[in-house]
**Student:** 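The structure's right below; bear with me while I get my questions together.
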Amino acid sequence: MSAQPFRLPAGGRIDRSRPLAFRFDGKPYTGFAGDSLAAALLANGVRLVGRSFKYHRPRGIFSAGPEEPNALVRLRREARAEPNTRATMIELFDGLEAESQNRWPSLGFDLGATASLFAPLLPAGFYYKTFMAPRRGWMFYERFIRAAAGMGRAAEAPDPDHYEKRHAHCDVLVVGGGPAGLAAALAAGRTGARVLLVEERAELGGALRREAAAISDAPAAEWLAATLAELASLSEVRLLRRATAFGYYDHNLVAVLERVADHLPEPPPHRARQVLWQVRAPQVVLATGAIERPLVFAGNDRPQVMLASAARAYLNEFAVAPGTRAVVFTNNDSAYATALDLRRVGIRVTAVVDPREGSGGDLPRRAREAGIECRFGHAVLAARGRSRVSAVEVASLGTAGHEHGDNLDCDLLCVSGGWSPTLHLHCQSGGRPEWNEALAAFVPGRSKQAERSAGAAAGAFALVDCIAGGLRAGAEAAQAAGFGTGVAPPAPDWPRESAAPLRPLWSVPARRWLKSFVDLQDDVTAGDIGLAAREGFVSVEHLKRYTTLGMGTDQGKTSNVNGLALLAEKRGEAIPAVGVTTFRPPYTPVAIGSFAGRETGRHFEPIRRTAMHEWHESAGAAWIEAGLWLRPSCYPRSGESEREAIRREAVAVRQGVGLVDVSTLGKIDIAGPDAAAFLDRVYANIFSNLPVGRARYGLMLREDGIVFDDGTTSRLAEQRFLMTTTTANAVRVMQHLEFLLQTVWPELRVAATSVTEQWAAMALAGPKSRDVLARAAEGVDVSDAGLPHMGVRDGRIAGVPVRIFRISFSGERAYEINVPADWGLRVWTALLDAGRESGIVPYGMEAMGILRIEKGHVAGAELDGTTTAADLGLGRLVAMKKPDFIGRHMLARPALADPRRPRLVGFVPVDGATRLRAGAQIVADSRVPPPVPMIGRITSAADSPTLGHPIALGFLEAGASRHGETLHALFPLADQWVPVRVVDPVFYDRAGERLHG
Amino acid sequence: MLLIPCPFCGPRDQIEFTYGGDATLTRPDPATASEEAWAAYVYLRDNPKGPHSEYWHHHAGCRAWIKVRRDTLTHEISASAAATAPLAGEAGKP
Amino acid sequence: MVERRSALEGAARPGDFGTPAAGGPGVILGERRSLAIVQVAALGERDAAVRGGIAAGCGVAPAAEASRAARGGGTAVLWSGPGRWLVVAAEQPGSDLAARLEAALATAPAVVTDLGHARTVLRVSGPSARDLLAKGCPLDLHLRTFPVDACAHSLLGHAGTLIHAVDAVPSFDLYLARSYARSAWEWIEESAAEYGCRVVAPADLTGSG
């Protein structure tokens with residue numbers, strides 16, 4: 001285990017008793033439990049971890065947190081491979097495998113790096129300007145540009161893991177498990193409020209885990225331990241680790257991604273890899289901390305240029321020496337802690353370079369006392385080196401850009417440009433950030449939703465301020481949610497270190513040919529921002545899109561403020577005048593799989609099954625989807641094609657008897673003293689004169705006069721009707737009736753209740769249907785006198801009560817039988833048994849479709865939301881003598897009364913053989929060059945076994961008067977045109993004699 | 001995603017609801033209304049910026065059609081009521 | 001009475017599966033069969049007569065508030081919407097709940113609708129029952145906001161469901177539309193596996209309404 005040359009001999013929060021083997025770019029290394037991948041790489045001396053997006057420049061580990069712009073790796077292998085994963089946030093596990101990205105053939109020798117040679121030719125907007133011509137040229141070039149300027153490669157095999165979603169509720173949601181968040185959870189939890197705290201890392205404590213001062217400071221450590229212990233004792237407080245709040249949506253809905261198993265080689269059995277929490281919280285406390293800003297100077301992207309706070313984290317949390325000779329470059333006091341920590345573990349600190357004229361703060365004073373050289377009034381002009389920093393050039397700030405400065409040898413440059421509160425969620429919630437001059441940072445503005453910020457997220461950086469602010473926010477949030485008095489528990493009275501103000505330094509002037517990076521991930525330089533401003537992209541949103549500033553997977557966490565400040569400089573305005581770009585979810589990348597959750601595969605959407613589903617299944621049904629329902633399309637016998645089966649089934653119904661499952665039709669119980677009056681207003685035709693025990697076809701319009709739905713409705717009692725709807729519209733019709741009863745005619749005493757689920761329904765159809773029914777049914781006279789066409793009777797089949805409707809969709813004598821659903825299968829099999837001697841055949845949707853097309857019955861394809869009753873040939877049903885019904889008042893519109901409107905007609909191919917297609921357009925003359933006037937369309941087509949030739953239903957302009965004409969059905973998708981003859985839409989048994997046959 | 005206060009069930013997630021359009025419209029009196037009144041009822045809608053009274057159907061809940069006053073700019077919901085009841089600050093149906 | 005065939009026939013097999021916690025399965029799951037379920041809908045807003053009729057017809061008066069259930073003698077009356085209740089009781093030979101309610105409400109402004117075959121009723125119980133339901137249900141089922149005998153229509157995944165908090169174990173009865181029952185059952189089984197799930201036979205859940 002000696003192969004961790006940069007591991008410090010002691011310290012850290014790692015478990016040295018648990019070494020973990022891992023591979024990076026195929027090479028084996030060892031780390032310890034508790035390491036991040038970035039920490040383990042640094043411990044092994046791996047400094048170069050990736051190549052940059054555009055210029056393929058060598059890049060190293062820049063941060064120790066979610067803001068990491070550089071150290072993006074492809075984690076795991078094969079189907080589990082995940083690109084663009086931040087090495088700083090990956091918890092090391094045994095057997096971990098990671099690869100660097102955006103390099104070929106290898107990280108050390110990358111051909112793409114030649115892009116750097118052409119860097120002067122690749123300014124902002126280069127691609128837009130260069131690859132525009134010829135027209136559509138971008139489409140051609142884009143493939144190559146994408147290949148060269150890539151991020152990671154996604155896995156190509158299906159994801160073997162599963163994901164979950166869950167809803168969660170609490171009184172106070174606390175985002176962030178650092179000192180402010182823990183304090184807020186404590187104060188809120190003590191009131192009895194339900195508290196959910198989410199922390200994106202594996203452990204709670206935030207900066208207390210990473211700062212040497214906090215670790216060695218007994219009161220701080222004691223406070224953390226006591227707080228965690230008390231939180232654990234509060235039964236209504238839940239602490240969720242490895243959980244990132246990534247989106248803040250309307251009405252205090254916060255999306256949280258819990259990484260359940262990302263720290264393991266693979267998820268344990270039955271566990272999701274990740275869980276997407278949708279948290280609805282009356283009050284939210286944002287204790288999201290702050291992100292340290294880089295400084296902008298030449299060569300600031302080289303490996304081993306690192307945020308000062310990150311260097312502290314590697315030292316203190318992971319016991320890793322990020323270098324051996326360090327320079328610290330800072331414009332504020334906080335990075336002096338890094339210098340002190342480096343010195344403490346024996347790393348040479350060559351100098352602290354500070355543009356300020358001095359600092360009276362405690363940390364700089366202690367650094368000077370420790371003998372660290374502090375070069376005030378100076379700046380780093382450039383970081384030198386190739387695949388890592390080897391020296392920095394330091395000069396007096398006044399001469400920067402004009403003279404060469406001193407070269408200081410180092411292999412680590414720690415930078416700090418101040419701190420930016422993490423405002424993503426605040427801004428997503430609608431809050432507008434405000435510029436704080438003293439902090440040179442945006443801080444939360446007025447809240448739009450029920451959220452408040454605490455700790456560093458609110459611009460309070462001292463530990464005692466974070467705790468006090470957290471306690472206050474927690475107590476106030478709890479009170480706002482109805483718990484406690486709002487008075488915060490007392491905060492610790494620890495002394496506060498004095499700190500001197502920072503000096504904003506947005507960029508160090510650089511020599512022209514050197515690059516100073518603002519956005520490391522997107523390779524956006526200070527020069528690019530200047531160029532964009534000169535070209536007129538002075539709106540911050542335009543700047544972002546033109547330069548791609550902040551558009552990487554890190555969403556500009558380290559670059560945003562520096563970019564805005566540079567634009568402000570170029571515009572000669574104050575930073576707040578420039579404004580900020582919009583923060584959108586997600587805060588950090590979220591796997592698509594977590595948005596799908598379990599809604600994949602067979603749970604993509606539920607399957608609705610009728611009571612006879614299992615029978616259909618065992619009978620070998622081919623299925624067809626009807627909304628969420630699965631319905632048999634046909635029942636092919638062995639050796640029979642589906643087409644043959646459909647034909648056989650249709651013929652059986654015409655000549656013998658068939659049975660079809662029609663349970664999916666919508667069924668609505670409509671009852672009450674005003675039920676009949678209600679139906680008269682809902683349907684275009686009349687129902688109030690329907691006798692008890694009779695059924696009637698009903699046509700329902702929309703208020704604009706267009707046909708909405710149809711079905712048969714039966715009067716079961718004086719005040720009770722059973723309405724049926726099409727399968728497709730069952731839900732909409734129910735909603736429509738409820739709307740009318742609750743908002744338009746609340747005075748009507750009617751209850752409408754969906755009973756679709758209560759009844760299994762099957763239609764027994766064919767000339768022999770009565771014989772079968774007579775054998776099966778008890779207690780009911782099924783003779784034509786006892787049960788006439790459109791009659792409704794109760795009876796029993798197989799010992800259970802049924803309701804029998806003599807209605808027909810096929811045109812043959814037919815009976816629809818409704819039975820309470822749990823007995824549906826029983827009655828279905830009883831009818832099949834009773835029908836065996838008559839040769840009964842179960843039939844599916846396809847045969848049913850043929851039968852109804854032969855009869856010219858309209859269905860969903862014809863009720864397409866554009867057709868009127870008259871278009872469908874059903875105008876005689878519309879009872880204009882009724883003073884009111886839905887749709888009545890718009891029927892007089894000229895457009896609806898236009899005689900040229902397309903009318904329902906039948907089509908047959910002139911050759912009597914060519915099959916017609918639904919979707920074909922009807923044209924008068926096929927020889928006219930396009931665009932051809934379309935005078936009609938085919939909506940339903942079938943190959944009629946009864947007639948022996950193809951038939952189709954459709955609409956034709958002024959169609960009623962054009963029977964006999966020859967036209968053409970065009971189907972350009974199949975390059976097909978078929979001469980067709982216009983005929984009456986009822987192809988079969990126009991007199992309707994077979995209903996009684 | 002909105003949290004819609006159902007007057008019968010309390011605050012519920014938007015996924016339980018269906019949007020039902022402008023709740024300020026009243027179906028014209030069929031005995032007296034002009035063609036223009038019908039056309040306006042069927043086709044014409046205001047598109048206000050700010051508070052808007054609208055119907056929502058609690059389809060996955062109590063199946064009540066309810067009235068909600070929602071700010072179309074901010075999504076703030078300031079009142080809700082049963083379909084036949086006035087929203088707070090609104091005169092009842094004449 | 002002729003035996004009814006559940007929508008879950010063949011799907012629900014008693015036994016344990018998944019990864020149980022140390023204390024045993026986190027979820028106990030079963031179907032409540034042979035229930036009579038009848039909806040009573042009041043016509044108009046004055047529903048005192050309807051409430052009285054329900055009490056007379058089934059022996060249990062509806063709870064005064066919305067979103068609450070009342071129970072007694074094996075019968076439950078669940079609020080199901082404004083002016084609507086579901087009356088639920090074990091089926092008994094020779095005693096038709098719908099007919100009894102029809103008779104008791106004959107003169108009341110109410111409509112009685114039999115939904116006994118329209119719903120599949122599941123009981124989900126155990127220490128992880130809430131976590132399981134949270135995967136598909138947007139309701140806050142915490143005891144503070146959804147106490148015993150709270151009931152509400154909501155969603156379980158894509159399926160609508162009426163949820164009734166039966167006891168503080170916690171246990172919940174889910175009333176699902178029959179056609180969705182099998183998909184919902186499969187979804188619940190898969191979602192419950194991480195807690196350890198015990199499927200119990202329907203017979204073990206009778207009479208606990």
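Within every chain, numbering begins at 1; the chains are lettered A, B, ... in the order of the sequence lines, protein sequences first and strands thereafter.
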**Student:** Side chains of C:Pro138 and B:Arg12: closer than 4.5 Å at any heavy-atom pair?
**Tutor:** no
**Student:** Pick one of side chain, backbone, both or neither for C:Ala152, based on which atoms fall under 4.5 Å of a heavy atom in chain B.
**Tutor:**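 Its backbone and side chain both get close to chain B.
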**Student:** Go through C:Pro82, C:Gly160, C:Ser67 and name the one with the most non-hydrogen pairs under 4.5 angstrom from chain B.
**Tutor:**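 Looking at each option in turn, the highest pair count goes to C:Pro82.
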**Student:** Could you look at C:Leu139 and say if it's the side chain, the backbone, both or neither that has a heavy atom under 4.5 Å from chain B?
**Tutor:** side chain
**Student:** Which heavy-atom pair separates C:Ala66 from B:Phe8 by the least distance, and what is that distance?
**Tutor:** CB-O, 3.8 Å
**Student:** Over all heavy atoms of both residues, which pair between C:Gly81 and B:Cys62 is shortest? Give the atoms and the distance, please.
**Tutor:**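 Here C:Gly81 and B:Cys62 meet closest at CA-CB, 3.7 Å.
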**Student:** What is the distance from atom CD1 of B:Ile15 to atom OG of C:Ser154, rounded to the nearest 0.5 Å?
**Tutor:** 7.0 Å
**Student:** Near C:Glu9 CD, under 6.0 Å, is it more than 12 heavy atoms from other residues, nucleotides or ligands?
**Tutor:** yes
**Student:** Please indicate whether B:Asn47 has more than 12 foreign heavy atoms, meaning atoms of other residues, nucleotides or ligands, lying under 6.0 Å from its CG.
**Tutor:** no
